[in-house]
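Contents: one structure, followed by commentary.
Count residues from 1 along the sequence. Each ligand, and each atom within it, is numbered from 1 in the order the structure gives.
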Amino acid sequence: MIALNGNVINIKYPIVGIVTTTPVNLLIRHKRILVSTNIDTVVFGYACCITSQTITSRSNGALVHSVSNLELLNDGDIVLITPEGRINIMFQSGHDDHTVFITNRCNSRCIMCPQPPSDDPPDLYDINEKVLSLIKKESLKYIGITGGEPTVVLDQLTQTLSYLNNHFPDTFISLLTNGRRFQDFDVARQVVAAENKKLLFCIPIYADNDVQHDGIVGIKGAFQDTIQGIYNLYRLRRRIEIRIVVVRQNFTRIVALSEFIYRNLPFVAHIAFMGMEYTGKAEQHLEDLWIDPREFSQQLYEAVWLLHLRNMNVSIYNIPLCLLEKPLWGFARDSISRWKKNYLDQCTYCSVKARCCGIFETSCMQSTWISPQSNGCQHNK
Ligand code: SF4
């Protein structure tokens with residue numbers, strides 16, 4: 001999420017609004033946040049004003065001043081302004097996707113968690129709903145619900161799903177969950193009852209056995225919970241995607257995991273092998289986790305083709321094309337969120353840049369094998 005910082009005047013509660021860089025009619029100002037380098041005081045009627053200028057005089061309305069990088073705020077962006085002076089861009093205008101961070105809490109302790117668990121602000125649900133209420137329905141194609149672990153806040157999750165059902169009936173929705181709470185059939189039933197059968201449940205499995213999976217997740221019994229949860233969702237005829245993040249601790253098991261999925265979970269809609277974003281806890285455990293994708297290219301090749309040849313729907317996320325065997329390029333997806341995605345200098349003249357996912361800008365480690373591809377070149381040796 002892109003964020004800016006400034007100094008606040010008269011902001012005691014979070015403010016959500018739509019950015020405008022030009023003055024608007026008085027009647028609609030209460031939902032708008034005026035952004036300008038030229039204002040030196042609060043302009044009447046806006047939810048808030050944001051300026052790069054430093055304001056020392058007293059004002060009667062909400063204002064954030066001394067904000068640098070104002071050019072990052074565009075007309076139509078939806079922002080959250082906190083009493084601490086943080087400006088989070090919750091939705092970028094012109095984009096057709098939106099992520100709902102429903103909680104920071106989690107019931108697992110994954111060794112590579114990019115966003116370690118913490119308590120939620122009390123108004124998180126209200127903020128999410130306010131943001132959604134300001135997005136034009138027709139502009140949104142995808143909504144991802146994520147956390148933390150969304151099922152930990154079951155009431156907020158079912159409320160959010162109901163809200164999305166009512167307001168975004170045609171939007172594709174995915175739920176990123178560890179699946180553990182679905183081992184309780186009643187929980188699975190509650191969540192399923194709140195959605196409209198379009199929801200894709202995206203659930204990670206890290207190994208074909210409980211010892212390795214539980215070791216990565218940090219909870220004994222997690223593998224058993226997740227597999228039972230997947231079966232319960234299948235009993236309720238829901239669509240499930242299995243996500244396999246490949247790290248040093250599991251790369252030797254991914255072929256066996258493909259076999260496990262084919263034998264035990266043949267009903268899943270999609271399987272995604274994923275490159276790792278080395279940030280958060282993953283950065284702290286780099287020695288245990290880091291592996292260059294080129295080191296597991298043979299295992300990935302076997303794991304993907306094992307599923308593909310058995311008519312299972314399989315993809316690769318977050319691994320640049322130059323790190324993949326060429327026969328895997330057709331499985332690679334442009335999967336990294338826009339605000340995390342970047343390319344290195346050497347990508348500038350790469351012939352496949354337009355179809356490559358690029359790299360996680362947020363990752364503290366990058367492969368040393370990234371190198372531009374020329375037409376007809378298989379990959380670098
Ligand atoms: S050089 Fe850059 S653009 Fe080309 S495949 Fe590698 S990461 Fe992608």
Given salt bridge (Lys or Arg N to Asp or Glu O under 4.0 Å), test D214 with K220 step by step and report yes or no.
CA-CA 5 Å; D214 291 359; K220 202 166 168 38; 5.8 Å; no

Taking the side chain as every heavy atom from C-beta outward, state whether H95 and R338 have any atom pair closer than 4.5 Å.
yes

Numbering as shown, the atoms of ligand 1 that approach K353 to under 4.0 Å (heavy-atom distance)
3 (S)

Element-labelled atoms of ligand 1 that are located less than 4.0 Å from some non-hydrogen atom of P372:
1 (S)

Close approach, G358 and ligand 1, non-hydrogen under 4.0 angstrom
no

Ring of F201, cation from R239 - is the NZ or CZ under 6.0 Å from the centre and inside 45° of the axis?
no

D186, CG atom: more than 12 neighbouring heavy atoms under 6.0 Å
yes

Proximity to ligand 1 by part of C347, non-hydrogen separation under 4.0 Å
both

Within the 4.0 Å heavy-atom cut-off, what C322 brings close to ligand 1 is both

Answer whether the closest heavy-atom distance between the side chains of D170 and K198 falls below 4.5 Å.
yes

Winner among C350, P320, C356 once heavy atoms are compared against atom 8 (Fe) of ligand 1
C356

